[in-house]
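Let me begin by presenting the structure, written as structure tokens, before commenting on it.
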Amino acid sequence: MCGIVGYTGKGEALPVLLGALERLEYRGYDSAGVCVIENKKLFLEKKKGKIRELVRSLLGKKILGKTGIGHTRWATHGEPSERNAHPHTDEREEFAVVHNGIVENFLQLREELQKEGVKFKSDTDTEVIAHLIAKNYEGDLLEAVLKTVKRLRGAFAFAVVTSKEPGRVVGVKEGSPLIVGLGEGENFLASDIPAILPYTKKVVPLNDGEVADLTPEGVSFYDFEGNPTKKEVMLVSWDVVSAQKGGFKHFMLKEIYEQPKVIGDSIRGFLSKETEVDLRNYRRILIIACGTSYHAGLVGKYWIERFVRVPVEVIYASEFRYGDYPVGEGDLVIAISQSGETADTKFSSSMAKERGAKVLALVNVVGSSLDRESDFTLYTHAGPEVGVAATKTFTTQLTVLYLLAISHLKDYEELLKGILEVPRLVEKILNNGEKIKEVAQKYQKFKNFLYLGRYLNYPIALEGALKLKEISYIHAEGYPAGEMKHGPIALIDDKMPVVSIAVKDRVYEKMLSNIEEVLSRKGIVIGVGNEDDEVLKKKSKDFIGVPRAREELYPILTVVPLQLLAYEIANLLGLDVDQPRNLAKTVTVE
Ligand code: AGP
């Protein structure tokens with residue numbers, strides 16, 4: 001998820017672009033850049049690092065121009081660097097583009113352009129857009145853009161300027177957000193409302209398949225066929241901070257609701273490049289991770305053993321590091337870490353590598369230590385996760401692990417259909433948010449919770465308990481339901497809600513009997529199961545439903561109500577949901 005901005009108007013473009021980018025930094029911050037049209041030439045400045053690096057590099061440079069675009073990057077293709085920073089230009093530096101999203105077919109377009117002699121300067125998918133617009137330009141920027149978008153596949157929001165037409169900015173929206181801001185004698189483009197709030201509260205969100213053509217005098221809107229479209233102007237009442245949370249009270253809630261989109265982005269990201277790792281080539285697979293990422297690994301174990309038939313062990317990185325686990329030649333280590341910087345995970349994966357194992361990193365941050373130090377890398381495309389509690393990075397980790405597990409199967413296409421349904425199913429669960437808020441209201445004062453699950457939902461029970469613990473400070477324990485009779489059942493009474501995940505999978509009947517064990521000891525059951533399951537509803541004091549899905553996909557669905565339950569309870573308790581006490585977003589120390 002990146003941030004893009006565009007400006008054309010009566011004022012100097014540069015200060016507007018830099019201010020707008022600073023307000024979009026929560027969307028990504030590994031590199032930034034601007035392009036201003038000055039005396040009919042493109043002036044470009046790009047810097048690795050945060051916006052302040054870019055501002056620092058511009059100090060003392062007198063760049064005067066009233067049209068420009070800017071970008072703050074969250075890398076998806078091509079590691080964070082100056083050469084991969086946006087804006088990207090054509091060879092003659094007459095067209096500049098800033099882009100947010102993934103052009104799925106960029107490799108094919110890149111090869112086609114290279115065959116025509118085009119020289120590329122970066123590893124990004126974005127650069128193909130600049131070269132295509134230059135190739136399609138016959139005197140009108142809008143026409144060139146309309147021809148270009150017909151060739152692009154995937155999710156993309158981009159803005160483009162050309163030194164041939166100072167005063168004009170064209171914006172395109174397909175899959176990634178883009179809004180227009182309407183000013184007096186000036187107009188704006190931005191990925192999100194915060195960027196332009198100080199200048200105007202009149203915004204026009206673009207829909208997929210729409211183009212905006214901006215000049216200082218006004219803005220015209222078209223569909224991808226070039227037909228004019230009518231647009232409603234929206235008046236924004238938010239301040240900048242709440243706008244950065246997209247109107248949500250906390251980043252964590254915003255990130256929970258971003259899951260349908262970022263799961264879709266992660267599927268697109270996975271499909272947009274060859275899977276360089278074939279799990280069948282390994283004798284044994286060892287997953288190393290911490291916290292929520294460890295729980296993702298536990299789910300991944302079930303999928304890999306089911307689809308690939310290679311034995312998988314999942315070990316806490318902090319345990320692996322000091323144990324004597326026999327790992328070496330022929331083994332694959334999958335290091336899961338959204339930050340790519342967790343100390344225990346980093347050290348453990350480099351230890352495994354020194355002993356001869358191959359290391360595959362699954363990270364959310366391109367260019368992170370684990371990304372750079374591993375033999376292979378897969379990326380989640382969750383965008384920056386600001387809330388300390390991992391939510392969207394967890395479901396995107398599951399998404400990529402699932403795709404990895406099925407990627408070399410002969411019925412891959414069939415299985416792919418299932419995961420492509422997941423964003424819509426998660427959306428459905430999120431639409432039931434009010435029900436989960438009611439459940440949270442009833443149970444916010446309890447001091448202990450037990451979370452039960454079996455098979456693929458055992459790790460989800462662990463994850464649901466961790467979410468509650470870390471943001472509401474209520475003691476919660478996740479447990480394999482089959483283990484109840486070996487001790488924990490002694491805990492059951494009417495003072496400890498038991499969240500029981502019982503979807504219609506291979507262990508459903510077993511889960512029902514575990515729930516009976518709880519009920520017969522006056523326990524309180526909060527059932528999480530299929531929305532049409534009348535049997536489970538009857539047994540549950542409170543019930544949260546999830547839609548029907550292929551059995552193996554349930555973990556990506558059942559975790560969502562548990563994320564929301566934890567959030568709502570913590571919010572009701574008035575706690576600092578985004579920055580819980582004692583916790584840091586990334587644990588870079590042992
Ligand atoms: C999860 O909500 C926590 N923020 C924490 O357990 C986290 O998952 C863990 O520290 C691992 O972080 P990583 O994925 O960046 O390695």
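Position 1 is the first residue of the sequence, and the numbers go up from there. This one's a predicted model, so the numbers in the text were calculated from it and none came from an experiment. Remember, it's 1-based here, ligands and their atoms both numbered in the order they're listed.
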Among non-hydrogen protein atoms, atom 3 (C) of ligand 1 lies closest to E470 OE1, 3.5 Å
When distances are taken from atom 8 (O) of ligand 1, the protein heavy atom at minimum range is T292 N, 3.0 Å
Item to complete: Apply salt bridge (Lys or Arg N to Asp or Glu O under 4.0 Å) to K467 and E463, showing your working.
Response: CA-CA 6 Å; K467 286 282 101 44; E463 176 57 14; 2.6 Å; yes
Does E274, at its CD atom, have more than 12 non-hydrogen atoms belonging to other residues, nucleotides or ligands within less than 6.0 Å?
no
*Return yes when atom NZ of K510 has more than 12 non-hydrogen atoms of other residues, nucleotides or ligands closer than 6.0 Å, and no otherwise.*
no
Atoms of ligand 1 close to [X] [distance to a heavy atom under 4.0 angstrom, numbered from 1]:
{"X": "A389", "value": "2 (O)"}
{"X": "T342", "value": "12 (O), 13 (P), 15 (O), 16 (O)"}
{"X": "S293", "value": "8 (O), 13 (P), 14 (O)"}
{"X": "K467", "value": "1 (C), 2 (O)"}

>> Less than 4.0 angstrom from a charged side-chain N to a carboxylate O is my criterion; do E25 and K50 meet it?
In response: no
Under 3.5 Å, N or O to N or O, is V388 touching ligand 1 that way?
-> yes
Exercise for review: Indicate yes or no: does an N/O atom of A390 lie under 3.5 Å from an N/O atom of ligand 1?
Suggested key: yes
Q) Given the side-chain rings of Y451 and Y479, with only the six-membered ring counted for Trp, is the space between their centroids under 6.0 Å? A) no
Short version for E341: what comes under 4.0 Å of ligand 1, heavy atoms counted, is neither
- Determine, using heavy atoms of T586 and all atoms of ligand 1, whether some pair is separated by less than 4.0 Å. no
